[in-house]
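Below is one structure; the comments refer to it alone.
A note on names: the letters A, B, ... follow the listed sequences, proteins ahead of strands, and every chain is numbered from 1.
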Number of protein chains: 2
Amino acid sequence: MAGHGGRSRSGGRPTLEEVAARAGVGRGTVSRVINGSPRVSDATRAAVEAAVAELGYVPNTAARALAANRTDSIALVVPEPETRFFAEPYFSDMLRGVGAELSDTEMQLLLIFAGSDRERRRLAQYLAAHRVDGVLLVSVHADDPLPDLLAQLEIPAVISGPRSAAETLTSVDSDNYGGGRSAVEHLIQRGRRKIAHITGRLDVYGAQRRVDGYRDALRDAGHRADDQLIEPGDFTEEGGRRAMATLLSRRPDLDAVFAGSDVMAAGARQILRKEGRRIPDDVALVGYDDSAIARHMDPPLTSVRQPIEEMGRRMIDLLLTEIADRRPPTSRDLDRRQMVLATELVPRTSS
Amino acid sequence: MAGHGGRSRSGGRPTLEEVAARAGVGRGTVSRVINGSPRVSDATRAAVEAAVAELGYVPNTAARALAANRTDSIALVVPEPETRFFAEPYFSDMLRGVGAELSDTEMQLLLIFAGSDRERRRLAQYLAAHRVDGVLLVSVHADDPLPDLLAQLEIPAVISGPRSAAETLTSVDSDNYGGGRSAVEHLIQRGRRKIAHITGRLDVYGAQRRVDGYRDALRDAGHRADDQLIEPGDFTEEGGRRAMATLLSRRPDLDAVFAGSDVMAAGARQILRKEGRRIPDDVALVGYDDSAIARHMDPPLTSVRQPIEEMGRRMIDLLLTEIADRRPPTSRDLDRRQMVLATELVPRTSS
DNA sequence: ATCACTTGTGGGAGCGCTCCCACAGTACCT
DNA sequence: AGGTACTGTGGGAGCGCTCCCACAAGTGAT
């Protein structure tokens, strides 16, 4: 414990003022050095830095927050029960990206779950108290009131996956439209002619966009539209089974299926097997998410990969900018605030 | 936005002073009401509460922290990379318990990973700044410097799984000794005579205690000690395989194995199978942790369950007490601060 | 030599609370 | 009647910063 430099004799933590006295400068100067202001001479800066090191000075965050009206922390809000958070690799990937981008910052990340009503009330209180400088909102449902609350409190926020084309919050999304397109183009290129689509929940904007991509890819390839080849699912395995069964009964001659998620693809696969269709010989199958399921499926599933980790990084970028700008970006730069990242088709044996 | 009560005309958030003015009382009185002091008359209290509601007053945390020298937040420190955090149900269970116990508190939980050196440096800085009132430390290795840092900074802390019998920090643990005992007693009761033990990493205190439980259970049942039946593992599947192979070569006539973790039990099972021993007919097998592996093994594995979620709850209890006491508990009450929770044997078909 | 900037610096004011002392009012003893 | 104690209340002081104004000293144009 020796060699850690003397604390002030008063016994508590050293303050700015004590550092200033020690360095023989004024309070303002120390503050400038600590906050990296360029308006300090090199000699003075060195003296202050020495004093800081000798005293083992660490700024008092509360005092800083009070005086500067900022908290240097941001919240990652997960509007889901913890269970799902741990179950889905989506969150883990996202968290990794966020953490990485934050690591060379002074910002502290708070992880807040808002799955239950109780948790949501707590969160509302927390936000009202402005205990964070900004919020990252992941996995928001279309009818979630949280984004509006954030807007009302004028708290900078970035959302992953806009709620609609008219999203007012800054958002980062993967290219669901392009992802859907690439899946279908891939199937066309493999010589498939009757390509069905099992959609995700259509109140999720991303799912709609995948349908759009599916439609346009077929149209551009000169296929005529056939709505009988589209069947809504709900992102669950059971939904995949049901949709697949429906599709098969309606269009027994289909030769490919694009499912809006890997989980639904897994459900579809079970039905295809049961009906004696071989994958990929009789029916090619493509999923979405490139999750662990895709890699471990039999046969391994072709899937569309989203750059989740990078989404996390970009979200932080945008959020930090917004916080620095200190204004809710409701002006003409809104269009610049809707970032879309490319997806990538990962071909495997199922297609 | 109407009906939300008028903010002060100044536009910003209302302050204590504004509430006081509105309620026609002094600043101190409002503070007392907000903090639930009993020294306020009912009439005054009601007036203040009305003013608070009308103005939509929310205390400024920074100001409170500065004045009262507390942060109303505690950190859950995970000295592991995020990957393991998500992979192991241990953390998820723990987090659930912690969150539950914290939910009727004003305390905010921070989740902090300290896996890499970089992250550890950040954490040290964070703790030095006293940005939390207390720390929950889970999954600490024997040589981790973190506990000592915490002690040095005089930050209240509770550790899950003491580092040794002489642990100085407040700790919550499951009864590893009793768990080991119960596993062996169960095997004896089932008529097993030559019971082997694959230990965990012996630099983990809990693993040692399981060995102690194993030894004492055998001794109390009148078995003579046979160290050839004990083989150290390292909590990994590979370690389980290696230990099992060694044990079989040394004592081919063993009729039961108690593994220090389910993962090691899984490794042991592979070797037993390969050597043609049937489970449980020829060799009974018992694991530890009662993880998903145990339930899904073939045959389902008898295992010792630890009440992880409850451990989380108890840790918060102790931590909050320690914070409220505002003193590092180095005195005679230390023994009261080593809490041990009972384990439970979950019998399945492997024994 | 004068004026106008620029650069570096000190320190007052104030952020919104909590803590605590002072004090009025009431109650109950002697 | 005076003393003592307690209850409820107001408000000063101070927590450790940041922000910003004031100002000294230096620089270069006129």
Side-chain angles (χ1 to χ4, degrees), chain A residues 7-8 10-49 51-52 55-72 106 128-131 133 324 326, chain B residues 7-8 10-49 51-52 55-72 106 128-131 133 324 326:
Chain A
R7 307 281 171 178
S8 73
S10 53
R13 296 165 52 195
T15 70
L16 234 208
E17 199 119 23
E18 288 168 5
V19 173
R22 172 106 182 193
V25 300
R27 225 171 53 256
T29 302
V30 177
S31 177
R32 255 160 264 152
V33 171
I34 292 177
N35 293 293
S37 157
R39 317 205 134 286
V40 180
S41 72
D42 289 351
T44 309
R45 180 183 308 279
V48 170
E49 278 166 356
V52 165
L55 295 175
Y57 172 74
V58 180
N60 180 319
T61 342
R64 176 178 282 181
L66 178 58
N69 197 29
R70 60 190 163 81
T71 64
D72 290 325
E106 292 289 82
H130 285 265
R131 292 188 64 172
D133 294 341
R326 283 221 175 270
Chain B
R7 306 279 171 180
S8 73
S10 53
R13 296 164 51 195
T15 69
L16 234 208
E17 198 119 25
E18 288 167 7
V19 174
R22 173 104 182 196
V25 299
R27 226 171 51 258
T29 302
V30 177
S31 176
R32 253 160 268 156
V33 171
I34 291 177
N35 294 291
S37 157
R39 317 205 134 286
V40 181
S41 73
D42 288 351
T44 309
R45 178 183 309 279
V48 171
E49 278 166 354
V52 165
L55 295 175
Y57 171 75
V58 180
N60 181 319
T61 342
R64 177 177 282 180
L66 178 60
N69 198 29
R70 59 190 165 83
T71 65
D72 290 326
E106 292 288 82
H130 286 264
R131 291 189 63 172
D133 293 343
R326 283 223 178 266

Open item on the list: Quick check on C:dC17: is either OP1 or OP2 less than 4.0 Å from any side-chain nitrogen or oxygen of B:S31?
Closed with: no

Open item on the list: If you apply the rule side chain to side chain contact (heavy atoms under 4.5 Å, CB included), what do you find for B:V25 with B:R45, and how did you get there?
Closed with: CA-CA 10 Å; B:V25 299; B:R45 178 183 309 279; over 6 Å; no

Open item on the list: Minimum heavy-atom separation for A:A51 and A:A23, please, with both atom names.
Closed with: CB-CB, 3.8 Å

TODO: Please identify each residue that fulfils side-chain contact (heavy atoms from CB on, under 4.5 Å) with B:A63, with sequence neighbours left out.
DONE: A:L66, B:N60

Task: Comparing A:G24 and B:I34 on DNA chain C - which has the more 5′ nearest nucleotide - done: A:G24

Open item on the list: Could you go through A:R22 and A:L55, starting from their C-alpha distance and side-chain angles, then the distance that decides it, and tell me whether this counts as side chain to side chain contact (heavy atoms under 4.5 Å, CB included)?
Closed with: CA-CA 9 Å; A:R22 172 106 182 193; A:L55 295 175; 3.9 Å; yes

Open item on the list: Just so I know, are the side chains of A:R27 and A:V30 near enough to count as touching, which here means a heavy-atom distance under 4.5 Å?
Closed with: no

TODO: Say whether, by atom type as modelled, one donor and one acceptor occur between the side chain of A:R13 and the main chain of A:V58 under 3.5 angstrom.
DONE: yes

TODO: Using the test side-chain contact (heavy atoms from CB on, under 4.5 Å), find all partners of A:R131 that sit at least two apart in sequence or belong to another chain.
DONE: A:Y126, A:A129, B:T61, B:Q108

TODO: State the OG1-CZ distance between A:T29 and A:R32, to the nearest 0.5 angstrom.
DONE: 4.5 Å

Task: Distance, rounded to the nearest Å, where A:H130 contributes NE2 and C:dC17 contributes C1' - done: 17 Å

Task: Backbone of B:R70 reached by a side-chain donor or acceptor of B:D133 within 3.5 Å - done: no

Open item on the list: Checking side chain to side chain contact (heavy atoms under 4.5 Å, CB included) between A:R64 and each of A:N35, A:T71, A:L16, which is the one that passes?
Closed with: A:N35

Look for any protein N or O under 3.5 Å of an N or O in nucleotides 21-24 of chain D and output each such pair with its distance, or none.
none

Open item on the list: Measuring to OP1 and OP2 of D:dT9, would you say a side-chain N or O of B:T29 lies under 4.0 angstrom away?
Closed with: no

Give me, pair by pair, the N or O atoms of the protein and of nucleotides 12-16 of chain C that are less than 3.5 Å apart, along with how far apart they are.
unit_1 : atom_1 : unit_2 : atom_2 : d
C:dG12 : N7     : A:R27  : NH2    : 3.2
C:dG12 : O6     : A:R27  : NH2    : 2.7
C:dA13 : N6     : A:R27  : NH2    : 2.8

Open item on the list: As an exercise, state the distance from CD1 of A:I34 to OH of A:Y57, rounded to the nearest 0.5 Å.
Closed with: 4.0 Å

TODO: Kindly state which residues belonging to residues 38-45 of chain B come within less than 4.0 angstrom of DNA chain D, counting heavy atoms of the residue only, listed by number.
DONE: B:R39, B:V40, B:S41, B:T44

Open item on the list: Whether B:N35 contacts C:dT18 is assessed here as follows: a side-chain N or O lying under 4.0 Å from the phosphate OP1 or OP2. Is that the case?
Closed with: yes

Open item on the list: Give me the atom names and distance for the closest heavy-atom approach of A:V40 to A:S37.
Closed with: CG2-O, 4.0 Å

Task: Estimated bend of the helix from C:dA1-D:dT30 to C:dT30-D:dA1 (axis per five terminal pairs, rounded to 10 degrees) - done: 40°

